[in-house]
Structures are given as C-alpha cells and as structure tokens.
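Shown below is the structure under consideration.
All of these numbers come straight from a predicted model, not from anything done at the bench. Letters A, B, ... mirror the listed sequences (proteins, then strands); counts begin at 1.
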Protein chains: 2
Amino acid sequence: MAQKRYLQIYGTMKERIQQGVYGVGSYLPSENELCNIYGMTRTTIRRALDELQREGFIVREHGRGSRVLERRQALGLLAVKGFSEAVGQDVRTRFLQTPVIGPWPSSLPWMPDENERGAPAIFFERLRGVGTDPVMLESNWFSSDGLETILNTPFEEDSFFKTLSSRYLIEVTGSEQELRALHAEDKTAGLLKIKPGEPILHISIRFSTSRPRFFIYSILKCNTAKYPIGNVYKHPI
Amino acid sequence: MAQKRYLQIYGTMKERIQQGVYGVGSYLPSENELCNIYGMTRTTIRRALDELQREGFIVREHGRGSRVLERRQALGLLAVKGFSEAVGQDVRTRFLQTPVIGPWPSSLPWMPDENERGAPAIFFERLRGVGTDPVMLESNWFSSDGLETILNTPFEEDSFFKTLSSRYLIEVTGSEQELRALHAEDKTAGLLKIKPGEPILHISIRFSTSRPRFFIYSILKCNTAKYPIGNVYKHPI
DNA sequence: TAGTGGTCTAGACCACGGT
DNA sequence: CCGTGGTCTAGACCACTAG
C-alpha cells in the first residue's frame with residue numbers, strides 16, 4: 001500500500017479547499033459522487049471527510065451536503081472538544097449564582113443574535129476546585145425563551161447539560177472556543193485566591209445545540225498555576 | 001432507535017473505566033470479544049473506542065489491545081491536535097536560532113528520559129507572526145542522536161516536520177500538551193513587542209513519533225491579545 | 001502461529017432537506 | 001419524491017505483538 005486511501009482523498013480535498021477550488025460556502029461533491037470519482041467506498045470517503053470536519057475545514061449538513069467553512073482569523077492550532085463532564089474526580093463545584101433572569105453580557109467573542117436577544121438571558125455562575133483549591137470560575141448564559149422553568153428546579157446530578165438533555169431534549173452538537181491569557185480582575189482574583197493582575201487563562205465557548213438558533217455561552221477563567229489545562233492526543237491521521 | 005448503538009457501548013465502557021472495573025494500565029476486552037458480548041459489528045465497536053481514545057481514556061496498541069490510561073492531574077478539558085501546518089495564510093516565520101547543538105532545557109513539564117539525555121539536544125527557535133505583528137515565540141528541542149546532519153541543511157518548505165518525515169522517515173504520531181497563562185519575561189516581551197509582565201499563553205507540547213523513545217519538545221509563547229487561539233469543533237458524539 | 005488492532009469493501013436502511 | 005448525510009452489518013485482508 002503506497003498510501004492509505006483515506007489519506008489520499010483527505011489530502012486532495014484539503015488542497016482544493018485551500019486553493020479555493022471549492023470556495024468558502026460552497027458544497028463539496030456528494031459522498032456518492034466522490035465514491036465514483038475516486039473509486040472508493042463511502043466508508044473510506046467518509047473517514048476523510050470526518051477528519052476535514054474535525055479540523056474545521058467543512059461542516060456536514062444532513063440532507064444537504066458538506067459545506068466549506070471560512071478559515072478563522074484566530075490561529076487554528078487546537079481541535080477543541082466540549083465539556084462532556086471531562087473534569088476529573090476530585091472536582092468540587094459551588095454555585096456563586098444559581099440560575100436567574102438577567103441581561104445579556106457585552107463581553108463575548110460572539111454576539112447573541114436578534115432571535116436570542118428577543119428574550120432576556122438566564123445566567124448562572126459556579127466556582128470549580130480541586131480539593132480545597134479553587135481553580136476555575138465558570139460563567140454561563142443562554143436564552144430564557146422556553147426555559148423559564150429551569151429557574152425553579154435544581155440540576156440533575158449537578159450537570160447543566162444532563163438537565164438540558166433530559167428535561168428539554170436539547171443536546172449539545174458542537175462548540176467554538178477562544179483561548180486568551182489575561183490579567184485577573186479583582187473579583188476573579190479574590191474567588192480564585194490569587195493576586196489581582198496575575199495571569200489567567202480565559203476560555204470562551206459557544207456551544208451549539210440541537211435546537212436551532214439556541215446557543216450556550218460560557219466563559220471559564222482558569223488559574224493554571226497549579227493545575228494547567230492539558231490533554232493527550234493520538235493523531236488519527 | 002432508542003439510542004445509537006455506538007453511544008451505548010461508548011457510555012458503558014466509559015462508566016466502567018471511571019468506576020475502575022477496567023483499571024488503569026489494564027486492557028479492555030478485544031474488539032472481537034466486545035462484538036460477541038454486545039452483539040454489534042466491529043465497525044460499531046470501533047467507533048465507540050475511537051471516541052474513547054480521542055478523549056484520552058484509552059490508547060489502542062496495534063497487536064496488543066486497548067489499554068486504559070491514567071486520568072491526568074491536569075483538567076482534561078481539551079482534545080488537542082498537533083501542528084499539521086494548521087497556522088493560517090498570512091503567517092510569517094523568522095528564525096531566531098537555527099538548529100544548534102546545546103543542553104537540554106530544565107523547564108519542561110516532561111523530563112527527557114535517560115535515553116534521550118545520552119545525547120545532547122538540538123535546539124531551534126522561531127518567531128511567528130501574522131503580517132507584521134509578532135504573535136508567537138516557538139522553541140524546540142529534540143535529541144541529536146542520529147540527527148546531527150539536520151544542522152547543516154535548511155528545512156524543506158520551511159517545515160521541520162516535513163523535513164523529519166522525508167529525510168529521516170520520522171512521523172509524528174501523537175502529542176501531549178499543557179496550557180498555562182504566565183507573565184511574559186523580558187526577552188519574550190521584547191520579541192512579541194509587549195510590556196514585560198503582560199499575560200502570555202504558554203503551550204507546552206511533547207510530540208511522540210514513529211521512532212521509539214524519540215520525542216520533540218516545543219514551547220509556544222503566544223500573545224493572545226490580538227489573535228486568540230481558537231477553533232471550531234463539531235461533536236461526533 | 002494465533003490473536004490483536006488498522007484498513008477497506010459492498011452493501012442495507014434510516015432521517016433530513018428540498019422539489 | 002429523490003438525493004443527501006448518518007448509522008450499521010458482515011465480511012475481507014493486512015500489519016503488528018507475543019509466545
């Protein structure tokens with residue numbers, strides 16, 4: 001085998017996207033067409049497209065096709081995944097603010113669209129720590145439209161996403177993130193027990209969901225001095 | 001369909017790993033055994049295991065099996081992928097130090113093992129920028145053992161990884177990363193044209209390769225003020 | 001050599017989007 | 001209704017590990 005077949009098609013498609021043969025916003029040939037063109041089965045074609053999607057070159061749209069995405073201005077270095085209760089064993093959570101109705105924040109990398117701003121936001125805030133060390137301040141916003149009842153009942157198993165799923169049948173389908181290193185403001189510094197101005201890692205996330213035009217916005221402010229954010233990754237490609 | 005079958009098996013295996021039914025360092029039942037146990041085909045089983053691997057719960061070992069990994073001390077929030085020339089279009093690179101023989105650094109999250117320290121390190125450093133803005137200082141170390149000839153010849157297409165691959169047949173197979181927000185030291189601040197003490201995002205990476213016990217260590221110091229690190233991710237699960 | 005994971009084929013049926 | 005992507009089956013052959 002000279003090269004893996006899914007790598008051939010992956011490389012070809014990536015090249016053509018970068019060269020503009022398949023322009024931003026346009027659709028790739030359908031999976032069945034690619035099968036015929038390249039003489040591979042759908043499994044192999046799909047494997048290549050899966051990786052292109054993971055790297056943010058395309059999105060698959062059920063019933064429509066695979067659309068070419070705009071390359072982002074930010075440095076595309078990290079393939080980031082969502083929450084998925086990935087925090088470890090010893091993590092403790094304390095509510096600083098249980099869900100309340102409030103205004104939308106002004107400091108997000110993504111502006112909530114008109115549809116979302118039609119209803120006020122629901123906001124909640126938690127402090128997460130390992131043992132007795134506070135390490136992360138988590139702030140969350142989402143549209144109250146249709147979710148007012150979440151104000152009156154506690155989360156299931158302390159998990160917001162599980163509650164969304166089981167009570168409202170809303171599933172997280174994707175996320176978009178930005179990482180920044182910033183000075184800690186006084187409030188954050190106090191909560192994380194560090195000096196104001198110390199560097200803090202800000203992770204801003206926009207979760208997309210199975211409910212159209214419903215997003216969840218989160219800002220995580222992490223003290224990485226003792227617990228850096230980390231992971232292992234084995235390249236599938 | 002009550003639930004997708006690959007999600008069933010994914011959830012079951014994840015639960016058992018977290019509960020210690022499959023302890024750290026042990027091997028999961030083989031893919032064929034799982035097929036029989038759960039009455040699914042290998043494709044479906046493998047899809048679940050693929051995701052567990054992506055999230056860092058297991059590693060697949062060709063010819064041996066799927067081994068359960070230790071959950072890391074760091075907060076496991078990001079599934080991070082490697083370089084893969086992911087930096088954008090306008091990115092310019094300037095060598096601050098072309099490859100030279102030198103001592104191993106002392107400030108890495110992972111200590112090079114005895115085998116690697118048997119030979120001195122090769123070090124090189126680059127400044128990467130978008131247009132005229134410097135945004136990232138990249139420092140790299142790896143063992144000189146068998147790679148001395150890399151000192152005398154420029155990289156192919158400016159890419160270290162391409163050079164490794166074509167000239168030494170060494171491929172990157174995985175990476176491990178840690179993210180920290182830190183104060184900029186004077187030297188870094190000068191190069192990135194910011195004030196000393198400003199917050200800087202440090203990304204420490206250990207690349208593993210197809211050559212056993214040969215790793216590449218990188219530290220990226222990023223000024224995220226203008227260009228945050230970012231990405232999109234569509235959850236496959 | 002036996003067993004494992006890695007790649008690939010050739011189908012099937014379903015859910016979704018647009019006509 | 002048809003074409004799209006999403007899930008799944010039932011095989012095949014290969015490459016790697018270990019006894």
Side-chain angles (χ1 to χ4, degrees), chain A residues 1-13 22 25-54 57-69 169 171 173-174 208-213 234-237, chain B residues 1-11 13 22 25-54 57-69 169 171 173-174 208-212 234-237:
Chain A
M1 184 195 317
Q3 202 198 11
K4 289 153 197 167
R5 307 195 72 184
Y6 70 87
L7 284 185
Q8 292 175 18
I9 173 70
Y10 163 80
T12 305
M13 299 310 285
Y22 299 126
S26 70
Y27 288 85
L28 300 184
S30 78
E31 295 177 356
N32 281 318
E33 286 171 342
L34 291 172
C35 293
N36 296 330
I37 296 172
Y38 295 98
M40 307 175 185
T41 55
R42 245 184 97 204
T43 311
T44 307
I45 295 290
R46 281 182 61 76
R47 183 157 178 183
L49 296 185
D50 283 345
E51 186 56 24
L52 288 171
Q53 169 161 291
R54 242 191 300 281
F57 288 95
I58 61 171
V59 266
R60 324 289 277 290
E61 295 175 357
H62 197 165
R64 274 201 290 265
S66 297
R67 192 163 48 85
V68 176
L69 288 179
L169 303 178
E171 309 289 344
T173 56
S208 48
T209 70
S210 52
R211 188 168 140 185
R213 294 185 304 285
K234 179 166 176 186
H235 294 187
I237 207 147
Chain B
M1 185 194 316
Q3 201 198 12
K4 289 155 197 165
R5 306 195 72 182
Y6 72 87
L7 283 185
Q8 292 175 17
I9 173 70
Y10 163 80
M13 301 308 286
Y22 299 125
S26 70
Y27 288 85
L28 299 185
S30 77
E31 296 177 355
N32 280 319
E33 285 173 338
L34 290 173
C35 293
N36 296 330
I37 296 173
Y38 295 98
M40 306 175 186
T41 54
R42 245 184 97 204
T43 312
T44 308
I45 295 292
R46 281 182 61 78
R47 183 157 178 183
L49 296 185
D50 283 346
E51 186 56 23
L52 288 171
Q53 169 162 292
R54 241 190 301 281
F57 288 96
I58 62 172
V59 266
R60 325 289 280 288
E61 295 174 358
H62 195 167
R64 272 200 293 265
S66 298
R67 191 161 49 84
V68 176
L69 287 179
L169 304 177
E171 308 289 343
T173 57
S208 47
T209 69
S210 52
R211 187 167 141 185
K234 178 163 175 187
H235 294 185
I237 207 148

Closest-nucleotide ordering on DNA chain D, the 5'-leading residue of D50(A) and T43(B):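 First, find each residue's nearest nucleotide; the 5'-ward one identifies D50(A).
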Contact under 4.0 Å: R5(B) side-chain N or O vs dT9(D) OP1/OP2: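 So the side chain of R5(B) is within the cut-off, an N or O lying under 4.0 Å from OP1 or OP2 of dT9(D).
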Side-chain N,O (T41(B)) to OP1/OP2 (dG11(D)) below 4.0 Å: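 For dG11(D), neither OP1 nor OP2 has a side-chain N or O of T41(B) closer than 4.0 Å.
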Cationic N near anionic O, under 4.0 Å, E51(A) to R46(A):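 A salt bridge is absent here (no side-chain N lies under 4.0 Å from a carboxylate O).
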Atom pair distance, as rounded to whole Å: CD1 in I45(A) and C1' in dG6(D):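 Going from CD1 in I45(A) over to C1' in dG6(D) covers 16 Å.
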Y27(A): side-chain contact (heavy atoms from CB on, under 4.5 Å) partners, not counting sequence neighbours: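 Listed in chain order: E61(A), R64(A), R67(A).
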Side-chain touch R42(B)/R47(B), heavy atoms, less than 4.5 angstrom: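 With C-beta onward as the side chain, the pair stays apart.
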Below 4.0 Å: OP1/OP2 of dC8(C) and any side-chain N or O of Y6(A):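 No, Y6(A) has no side-chain N/O under 4.0 Å of OP1/OP2 on dC8(C).
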Protein-nucleotide distance (L49(A), atom CG; dT7(D), atom P), rounded to Å: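 One finds 14 Å between P of dT7(D) and CG of L49(A), rounded.
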R47(A) CZ - dT9(C) C1' separation (whole Å):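 So the two atoms are 14 Å apart, to the nearest Å.
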Atom-pair distance (CD1 on I9(B); P on dT9(D)), nearest Å: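 Atom-to-atom, I9(B) to dT9(D), this comes out as 12 Å.
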Distance-only donor-acceptor test (3.5 Å): side chain R42(A), base dG6(D):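 It does, because a donor-acceptor pair links the side chain of R42(A) to the base of dG6(D) below 3.5 Å.
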Whole-Å distance separating the CZ atom of R60(A) from the P atom of dC16(C):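 Rounded to whole Å, this separation is 17 Å.
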Nucleotide nearest H62(B) when distance is taken to its side chain, options dA10(D), dT7(D), dT4(C):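 Nearest nucleotide to the side chain: dT4(C).
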Sole residue of M13(A), Q8(A), R5(A) in side-chain contact (heavy atoms from CB on, under 4.5 Å) with Y38(A):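 The side-chain contact (heavy atoms from CB on, under 4.5 Å) with Y38(A) is passed solely by M13(A) among M13(A), Q8(A), R5(A).
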5′-ward residue of the pair G63(A)/T44(A) relative to DNA chain C: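 With G63(A) and T44(A) compared, the 5'-side residue is T44(A).
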Contacts of type side-chain contact (heavy atoms from CB on, under 4.5 Å), residue T43(A), not counting sequence neighbours: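 Partners of T43(A) under the side-chain contact (heavy atoms from CB on, under 4.5 Å) test: T41(A).
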Y10(A) and L52(A), any side-chain heavy atoms less than 4.5 Å apart: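 With C-beta onward as the side chain, the pair touches.
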From dT9(D), dG5(C), dT7(C), nucleotide with atom closest to M40(B) side chain: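 So the nucleotide nearest the side chain must be dT9(D).
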Watson-Crick or G-U counterpart of dG19(D), or none if no pair lies under 3.5 Å: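 Check on dG19(D): unpaired, no WC or wobble geometry under 3.5 Å.
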dA18(D) OP1/OP2 closer than 4.0 Å to side-chain N/O of R64(B):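 Indeed, a polar side-chain atom of R64(B) lies that close.
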Non-hydrogen atoms of I58(B) and L49(B) that approach each other most closely: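 Closest approach of I58(B) to L49(B): CD1-O, 3.6 Å.
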Rounded interatomic separation in angstrom, taking NZ from K4(A) and C1' from dC13(D):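 My rounded result for the distance is 15 Å.
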Presence of R46(A) side-chain N/O under 4.0 Å of dG6(D) phosphate oxygens OP1/OP2: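 Checking R46(A) against dG6(D): at least one side-chain N or O falls below 4.0 Å of OP1 or OP2.
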Nucleic acid contacts - residues 26-36 of chain B versus DNA chain D, non-hydrogen atoms under 4.0 Å: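 Per residue number, the list is empty: none.
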